[in-house]
Amino acid sequence: SQVIKLGTVAPEGSPWHEAMLEVAQKWKRLSGSKVTLRIYAGGVAGDEEDMLRKIRIGQLHATALTSGTLRTIVPDIEVISFPMLIQTDGEFDYIIEKLGPEFEARLAKKGFKVLSWTTTGWVHFFTKQPVITPDDLKKGKLFFWGSDTTYVQLLKKSGFNPVPLAITDLLPSLQTGLVRSFAAPPTAALCFQWFALAPNMTNLRWQPLAGTTIVSLKQWNKIPANLRPQLENVARKVGTRLRKRIRKLEKDAIAAMKKHGLAVHPVSREVKEQWKKLVREKGYPVFVGPRFSKEMFDTVCSMLDEYRRSRGL
Amino acid sequence: MTPMRCLELFRRIILWTRRTEDAILGIALLSMALLPVVELVGRTCFGTGIPGATEYLRHLTLWIGFLGAMLAAREGKHLKIAAALSWLPPRASRIVDCIGAFISAAVCAGLFGASLELVVAEAPGFPSWTAKIIPDFIKQWLEPFGLFQSGGLTTVAGWIPIWVAEAVMPFGFAVMAIRFILHASKYSWVRVLVGLSLPAMILLPPLCSEFASELVPPALTLLVVATALGMPIFILLGGAALLLFWGHNVTVAAIPAELYRIVASPIFPTIPIFTLAGFILSEGGASERLVRVFRALFGWVPGGLAVGATLLCAFFTTFTGASGVTILALGGLLLPMLLKSGFKATFSVGLLTATGSLGLLLPPSLVVILFGVIAHVPIIDLFKAGLVPGILLMIPFCLVCIWHGVKTGAGRAPFRLGEAIAAVRVAKWEVIMPVFVLLLIFSGFCTLVEASAVLAIYALIAETFIYRDLNLQGVMTMLVKCAALVGGVLIIVGVAMGLTSYFVDAQVPMHAAAWATNHLHNKWLFLLTLNGALIIVGCLMDIYSALVVVVPLILPMAESFGVHPAHLGVIFLANLQLGYLTPPVGMNLFLASFRFERPLTTVSRDALPFLLMMAAVVLLITYIPWLSIGVLQLLR
Ligand code: NA
Ligand code: NA
């Protein structure tokens, strides 16, 4: 019998965790208990980078990564979560459908097998004072989580004041006023109680946060070849269903936060153009080329145009 | 060259290497304090800090940890449970030492191999053209080591490959292995015998892999016995982790992976920096000036200084959160103050060891915030629930201090306005320090790490330029001493997490929780088991890992027994505090032993009365939920 150890930062009992449990159960049944998916949830195996490290050494075999970490394996994947580019769920699904196979082939070259493409929702700005235009956001300091210096540069070039901090600093720094805003998916803002200290949400989809479940090919290939397609099929189905569920969950999260005092500020079409223009002028030089290939970026752009035209937009 | 000149040259090279090592460490430690200050100034004045400052800081912590641990191995300063065995005849004691050195070198060699495996796995593979050059038979032999695989590249601050930053781990373990061998004896033939540990570590594991799981229990026993006879504690923890992972067929590279994760975590830079600030103050003679201030202002209160120390430690912990930092940062400053005022050494050491974890429940404690986030309890509710328990934990301490003050008359002086003003005037640069730091943090000016760095730099300027108690030589000596201490601490915390990660990997906490769900049917029995289990957790894990690993497991159980989540939070954190003081492996005992340079056994004995007092209060707040929940409802 074969154990596949999967780590995730998704908390125990969250939809992501439940989906993984479902996959585990179905794999067990399909394989006649030969393949066991053992789940380490809630970040007990560390954050995404830690888990990727543990997969490289073979302690873990599978994990769910967002595009920020996936880009350390295949840089071009980051295009799908570039700010102000993909704007709707339909566009996101279309791009994944079209480019998924290409990304998967590149990941396979690096030793990873994709089990499903899911999502963590849309990143929004949460702020102490209402923010609608880019100039509003430029006034206060913006929390930035992590080590991505290029991303910090993008924010700085755009005129924002990012303060790179550890995730555990977020609540204390919102409290002391060291930062006045942060960007996060609404589900996370609710789950970690961050919104309580920054009760204004800009109704602007800054970027989608793709989530991809991967397993190391080394471990995957140990599963009998006749079983693999069935197991993969199940994982993909559950992943697609999860994507829909997360989208509903995001709406529910916003509604729940509204009940607890969150104000959602609408952004008009013209102001949205301002945001797009800002990223186009300041963000493209930092990312397109240095971070991911221009070819991939152009491909995604033309696919988006195609999709938008086909929907009469 | 004559043999004499050869020897002389050799000695010079050794001396030169030592000086270089000291200098590198000193510079690394100083840059740790400088970097956040530069970032803060840059950000505030020019709107552009250092890109990736937090990243550099995290990895500097790792480097200082390992370079410091190497230094501790050089100086024989790694923490041991037992001091030299005085009852053994000298010859037997030397043999025991050599066996200890043999095991230590072997464990370090094993950890070297494990970290090398990690570094290779993280490095990108050899470029593709090498495949053409390298003969096939060599390639076949190299393939299993992962030298030709590239699973992407993670970087530090966007440009330093992470494997380069991690390379300090195999390097450090290799140097420590060699140092354990060289320090085993002054006779070359004994060193050669001890050095056999290296080939043994290469040959034995593959030869014994068939009966690995049978070998684990006897080997663990050997490690425990050797530790009782004077082997460093980190060798016990690291050796146990190696054995368990190897015995259960999981890659040993998991140990350095976890060690890296914890030591290079964003919360850890406060440890070296606050420790440095404490060292600067204590070596700079601040304690004498502060004793005078305290005696002049509060000398009329019996035990006033001890009460003040207790409150200060608790207060410091409320905003540093991690309880251990308190001992490292304030211990070295407060102990001489207590001793100079006439408090007994046993009392003072015990008090300062135990106060290292007071204050954890009071706002704005970061661990309380993290508990709230993980357990989905409103944070403000948790602080309300923790208010009375947090204060209750401090009351017995204060009473004992006053009682001790009355009994010994330590630190007593009548109040005189003139003396008070004079004392404060002399120590004014040091007296304003806490206010200064609090202003920095609570005005939203900087983070905790930055505040600690500002404090360290400020202290350095005050002690060298204003009070002139430290000269360049003194600063250098102090930096090296501080780095060796930090290294000794971080290596223990790191390998302890490596060991813990075995239990997480084997899902031991989950199985324990499942067992408890099936066998415990009574709320009070559950709470009692929880008390016991959490003390063990407190012994093994640092507080942040305990939060992430244990809270999700006990939460549903507590819910099913009708324990209020806020009450659970209070119980959880209060019990962990006990774990940090529980002999023989409570982390605060280690830290105190390091900082006060006293044997672990002495520190444990001195802290015991305080531990018992805290245990009584913890039982009280566990079994009288009203103390937390009732207060929470009152304050609503
Ligand atoms: Na590699
Ligand atoms: Na304390």
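Just so it is clear: chains get the letters A, B, ... in the order the sequence lines come, proteins before strands, and each one is counted from 1. These numbers were taken from a predicted model, which means no experiment stands behind them.
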Please round to the nearest 0.5 Å and tell me the distance separating atom [atom1] of [X] and atom [atom2] of [Y].
X: A/L178; Y: B/E450; atom1: CG; atom2: CD; answer: 7.0 Å
X: A/L171; Y: B/L366; atom1: CG; atom2: CG; answer: 9.0 Å
X: B/I369; Y: A/F192; atom1: CD1; atom2: CZ; answer: 14.5 Å
X: A/Q59; Y: B/Y502; atom1: CD; atom2: OH; answer: 11.5 Å
X: A/D148; Y: B/T155; atom1: CG; atom2: OG1; answer: 8.5 Å
X: A/E48; Y: B/T154; atom1: CD; atom2: OG1; answer: 11.5 Å

* Asked: So what's closer than 4.5 Å to chain B heavy atoms on A/D50: side chain, backbone, both or neither?
  ->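 A/D50 touches chain B through side-chain heavy atoms alone.
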* A/L70 versus chain B, heavy atoms under 4.5 Å apart: side chain, backbone, both or neither? -> neither
Student check: side-chain heavy atoms of [X] and [Y] closer than 4.5 Å:
X: B/L448; Y: A/P172; value: no
X: B/S443; Y: A/T176; value: no
X: A/C191; Y: B/H376; value: yes
X: A/Q175; Y: B/F442; value: no
X: B/E122; Y: A/I57; value: no

Are there more than 12 heavy atoms of other residues, nucleotides or ligands under 6.0 Å from atom [atom1] of [X]?
X: A/K138; atom1: NZ; answer: yes
X: A/Q25; atom1: CD; answer: no
X: A/K28; atom1: NZ; answer: no

Considering only heavy atoms, which portion of [X] lies under 4.5 Å from any heavy atom of chain A: side chain, backbone, both, or neither?
X: B/V250; value: side chain
X: B/T447; value: both
X: B/V252; value: neither
X: B/S545; value: neither

Could you tell me which non-hydrogen atom of [X] sits nearest to which non-hydrogen atom of [Y], and how far apart they are?
X: A/P164; Y: B/E39; answer: CD-OE2, 4.5 Å
X: B/Q507; Y: A/I39; answer: NE2-O, 3.9 Å
X: B/P378; Y: A/Q193; answer: CA-OE1, 3.6 Å

* Using a strict 4.0 Å threshold on nitrogen-to-oxygen distance, state whether B/R261 and A/D47 make a salt bridge. => no
Mind ranking [options] by heavy-atom pairs under 4.5 Å with chain A and telling me who comes out on top?
options: B/V549, B/D505, B/V551; answer: B/D505
options: B/V504, B/L555, B/T54; answer: B/V504
options: B/C446, B/P552, B/S501; answer: B/C446

* Which residues in residues 159-167 of chain B have a heavy atom less than 4.5 Å from any heavy atom of chain A? ->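 Hits under 4.5 Å: B/I162, B/E166.
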* **Most contacts with chain B, counted as non-hydrogen pairs under 4.5 angstrom, among A/R38, A/Q153, A/K54** =>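 The answer is A/R38.
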